Visitor: 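Dropping a structure here in structure tokens format, bear with me for questions.
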Amino acid sequence: MAGRIPQSFIDDLLARVDIIDVIDSHVPLRKAGKNHQALCPFHDEKTPSFTVSQDKQFYHCFGCGAGGTVISFIMEYNGLGFVEAIEDLAGRYGLEIPREAGYQPESKHYNELYELLEQAAQFYRGQLQGHDSRAIEYLKKRGISGSVIEDYEIGYAPPGWKNLVNALGKSAEARTRLAEAGMIKSGDTEGFYDHFRDRIMFPIRDQRGRIIGFGGRVLDKGTPKYLNSPETPVFHKGRELYGLYQARQKNKQPERLYIVEGYMDVIALAQYGINNAVATLGTAATENHLEKLFRVASQLIFCFDGDEAGKKAAWRALEITVPQLREGRQALFSFMPEGDDPDSFIRQYGAERFLSDENTVPLSDFLLNSIKSRTGTSNREARANFLDLILPFLAKIPASGLRQLLLGEVAEIAQTDTSGIHELLQDIQSGAAPRPGRSRTWPPRERTGDISAIVSYILNRPELAMLVEEPAELSGPAVPGIDFLTELITLVHTNPEITCAGILEHWRGSRYEQRLNQLASASGLPAEEDFDAEHQFIDMVDRLKAAKTRQSVERITRAKPSELTEEAKAELRRHYTKERRNK
């Protein structure tokens with residue numbers, strides 16, 4: 001799952017990097033038996049529950065549930081994306097990152113775009129400071145102070161078609177680069193013209209601090225109200241958030257982040273001392289946005305208008321947030337009174353009321369209340385409909401205290417017992433029932449038998465997989481999860497030096513990632529000096545092979561004799577011959 005960076009390079013990087021050295025450079029570690037410990041950097045605690053294993057090259061916090069490889073730590077701690085974390089680690093060790101065919105690196109050409117966008121921001125700031133006062137008067141009217149203007153580098157694109165063209169596009173090459181950066185456009189007869197005209201300008205910085213694009217707001221009632229830079233090689237609005245860079249400049253690890261819809265919402269909140277707000281760039285929040293935000297803060301508060309459009313937007317946000325709710329993460333919704341947005345609300349009512357917990361609704365309450373209002377619960381049919389709609393959402397919530405509490409509440413609303421709810425939920429997760437919203441997680445432990453235990457052993461001691469001489473003998477559809485186990489064992493065979501961290505990185509971004517991290521975090525696994533672990537491992541594999549054979553034979557014997565293939569008949573003969581020998 002390495003994307004444009006070859007998996008072989010990631011494996012090599014993990015082999016060179018020691019997770020203890022990297023984490024200790026950020027969080028002081030102390031030896032605690034075989035592992036190292038520290039106060040968790042991802043939540044407040046007084047007793048260390050953050051453990052780092054040098055053998056596994058894996059960290060886990062028993063308090064908040066955070067865990068992963070050294071790459072995961074750099075992503076979580078520094079708020080970086082996967083590629084950025086790889087670049088950070090590679091830079092520490094002086095390694096050059098190779099790229100797969102078709103990749104265009106951030107070479108000198110890309111750096112030129114960043115430099116050009118920085119020059120554009122300086123041009124717009126100069127226009128705001130030296131221009132007449134329409135833009136200044138507009139900002140004063142909105143109550144925006146000079147310090148906030150400076151913090152967010154607000155500028156102004158003056159009226160006219162060629163201000164930026166004339167300032168920065170003095171050569172054909174410069175105009176071509178300005179167009180590629182999304183700052184000017186090519187007209188039919190008049191050549192290039194400015195993309196932004198007569199607008200308040202908001203530079204958008206990525207988490208590295210590079211300007212990647214702009215948002216512009218009209219001063220009067222023109223349309224569109226907000227105009228973003230178009231998609232460019234360095235700007236992808238579905239991945240970026242306005243204000244995140246500034247929020248992290250104020251507080252590297254904020255406890256919570258407010259997600260609003262507009263640039264002026266972020267600016268207005270900052271004016272009232274709320275510096276932890278970010279805005280999506282004219283799109284609904286995406287999974288990419290949430291992954292990035294949850295790496296920075298454990299609590300996200302979505303702020304929406306209180307009208308129907310706001311409620312629909314909140315529901316879309318709920319759908320993409322639910323799968324992200326692992327332990328230690330929380331999402332809430334704050335609905336403004338109808339006709340208000342965060343900008344107008346805080347100017348009318350002040351920061352204290354905006355920040356009040358009375359204005360927020362936990363995601364779980366919003367989920368339950370929304371579905372109850374759609375289905376009702378007054379009769380059996382309504383309650384059954386309620387279950388059909390809500391269980392797919394519960395199936396997507398990672399196993400946690402929140403899911404357990406919700407299961408109990410759902411059972412109470414549906415007037416049934418929790419065991420029945422558990423069975424329905426397991427059907428959805430395993431794919432046994434074709435319900436909408438089926439979970440993509442690893443098959444539940446109860447249904448995989450020894451498979452989860454075998455995977456746990458391999459994660460803890462990858463060399464055990466070498467005891468399975470022919471991994472292909474395990475493959476087949478008879479036991480859920482067995483094909484994954486076969487792939488895992490084959491991976492170790494092809495890379496005998498692989499560590500737990502290497503295995504986890506191999507499946508990063510896949511549907512197995514979450515379950516693998518859970519198993520890697522489990523305690524009570526065999527230690528390196530536990531020689532009996534080999535016998536236990538072989539015994540589990542043998543039981544799995546026997547179960548697979550038994551199910552296969554049962555399936556064959558249920559078929560009509562005329563439907564049996566020669567291969568099936570041969571399998572039956574081998575099975576019965578082996579049974580006679582064992583007797």
Side-chain angles (χ1 to χ4, degrees), residues 43 79 142-145 148 151-152 154 202 204-207 215 217 226 237 239-307 309-311 313-318 320-322 324-325 328-338 340-366:
H43 79 288
R142 301 296 294 263
I144 308 304
S145 66
V148 171
D151 285 346
Y152 287 85
I154 297 173
F202 305 93
I204 302 164
R205 291 190 181 271
D206 65 11
Q207 289 193 80
R217 191 198 191 285
Y226 285 103
K237 62 184 180 182
R239 302 179 194 170
E240 303 299 337
L241 293 142
Y242 177 68
L244 184 57
Y245 172 76
Q246 288 86 349
R248 298 204 72 204
Q249 293 299 107
K250 296 288 185 180
N251 184 354
K252 188 175 183 180
Q253 294 289 336
E255 179 182 347
R256 59 170 55 174
L257 287 170
Y258 290 90
I259 305 173
V260 297
E261 294 186 280
Y263 298 94
M264 284 304 299
D265 292 327
V266 172
I267 299 300
L269 294 179
Q271 184 63 48
Y272 282 80
I274 301 172
N275 297 301
N276 53 337
V278 301
T280 55
L281 305 177
T283 67
T286 64
E287 290 182 14
N288 192 291
H289 287 143
L290 294 184
E291 288 172 2
K292 184 173 291 189
L293 292 173
F294 271 129
R295 287 197 292 267
V296 175
S298 60
Q299 187 181 87
L300 305 183
I301 301 179
F302 294 91
C303 301
F304 294 103
D305 297 350
D307 56 14
K311 290 177 181 176
W315 186 257
R316 289 194 298 271
L318 178 145
I320 64 166
T321 305
V322 163
Q324 308 268 353
L325 292 180
R329 292 179 173 183
Q330 189 179 13
L332 302 100
F333 294 88
S334 179
F335 293 98
M336 305 295 109
E338 191 162 354
D340 272 328
D341 55 23
D343 177 11
S344 60
F345 182 90
I346 199 166
R347 284 192 281 114
Q348 183 173 354
Y349 300 106
E352 184 176 351
R353 184 165 169 185
F354 180 86
L355 295 171
S356 171
D357 290 339
E358 294 179 4
N359 289 335
T360 61
V361 179
L363 178 145
S364 55
D365 287 351
F366 181 53

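Numbering of residues begins at 1 and proceeds along the displayed sequence. Model, not experiment: these values are computed from the prediction.
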Visitor: Among Phe345, Phe333, Phe354, which one satisfies ring pair (Phe, Tyr, Trp, His ring centres under 6.0 Å) with Tyr258?
Guide: Phe354

Visitor: Evaluate the side-chain proximity of Asn275 to Asp151: yes if any heavy-atom separation is below 4.5 Å, no if none is.
Guide: no

Visitor: What distance separates Ile204 CD1 from Leu281 CG, expressed to the nearest 0.5 Å?
Guide: 4.5 Å

Visitor: Using a strict cut-off of less than 4.0 Å between a Lys/Arg side-chain nitrogen and an Asp/Glu carboxylate oxygen, indicate whether Arg353 and Glu358 qualify as a salt bridge.
Guide: no

Visitor: Check whether any side-chain heavy atom of Lys250 lies under 4.5 Å from a side-chain heavy atom of Asn276, and answer yes or no.
Guide: no

Visitor: Mind listing the closest non-hydrogen atom pair of Val260 and Cys303 along with its distance?
Guide: CG1-CB, 3.9 Å

Visitor: Does Leu293 reach the side chain of Ile259, with side-chain heavy atoms less than 4.5 Å apart?
Guide: yes

Visitor: In Å, rounded to the nearest 0.5 Å, how long is the span from CD1 of Ile346 to CD of Gln348?
Guide: 12.0 Å

Visitor: Mind checking whether Tyr152 and Tyr242 have side chains closer than 4.5 Å, heavy atoms only?
Guide: yes

Visitor: State, with a plain yes or no, whether a side-chain heavy atom of Gln207 is found less than 4.5 Å away from one of Lys292.
Guide: yes

Visitor: Measuring from Met264:CE to Arg217:CZ, what's the distance to the nearest 0.5 Å?
Guide: 7.0 Å

Visitor: Please enumerate all residues that pass side-chain hydrogen bond (donor to acceptor under 3.5 Å, both in side chains) together with Ser344, with sequence neighbours excluded.
Guide: Asp340, Asp341

Visitor: May I have the step-by-step check of side chain to side chain contact (heavy atoms under 4.5 Å, CB included) for Ile267 and Phe202, ending in yes or no?
Guide: CA-CA 10 Å; Ile267 299 300; Phe202 305 93; 3.9 Å; yes

Visitor: Check this for me: Gln249, atom CD, are more than 12 non-hydrogen atoms of other residues, nucleotides or ligands nearer than 6.0 Å?
Guide: yes

Visitor: Within the 4.5 Å heavy-atom criterion, are Leu241 and Thr280 side-chain neighbours or not?
Guide: yes

Visitor: Between Val266 and Val278, what is the shortest heavy-atom contact and its length?
Guide: CG2-C, 3.8 Å

Visitor: How long is the gap from CG on Leu290 to CD1 on Ile320, to the nearest 0.5 Å?
Guide: 4.0 Å

Visitor: Please, which pairs that meet ring-ring contact (aromatic ring centres under 6.0 Å, His included) have at least one residue in residues 268-297, sequence neighbours excluded?
Guide: none

Visitor: Might you point out which heavy atoms bring Leu269 and Ala277 nearest each other, and give the distance in Å?
Guide: CD1-CB, 3.6 Å

Visitor: If you look at every heavy atom in Thr360 and Ser334, which pair is closest and at what distance?
Guide: CG2-CB, 4.2 Å

Visitor: Looking at Arg347, I'd like to know if its CZ atom is crowded, meaning that more than 12 non-hydrogen atoms belonging to other residues, nucleotides or ligands lie closer than 6.0 Å.
Guide: yes

Visitor: Quick check: closest heavy atoms across Ala268 and Asp343, and the distance to 0.1 Å?
Guide: CB-OD1, 3.2 Å

Visitor: Quick check for you: to the nearest 0.5 Å, what is the distance between Asn359 atom CG and Met336 atom CE?
Guide: 6.5 Å

Visitor: From Gln330 CD over to Leu325 CG, what is the distance, rounded to the nearest 0.5 angstrom?
Guide: 9.0 Å

Visitor: Would the distance check show the side chain of Arg329 and the main-chain N or O of Gln324 forming a donor-acceptor pair, the cut-off being under 3.5 Å?
Guide: yes

Visitor: Salt bridge (Lys or Arg N to Asp or Glu O under 4.0 Å): which pairs involve residues 251-270, sequence neighbours left out?
Guide: Arg256-Asp357

Visitor: Is the distance between the ring centroids of Phe366 and Phe302 under 6.0 Å?
Guide: no

Visitor: Locate the shortest heavy-atom distance separating Ala351 from Ile274; write the atom from each residue and the value.
Guide: CB-CD1, 4.2 Å

Visitor: Could you tell me whether the side chain of Lys237 and the main chain of Thr283 form a donor-acceptor pair under 3.5 Å?
Guide: no

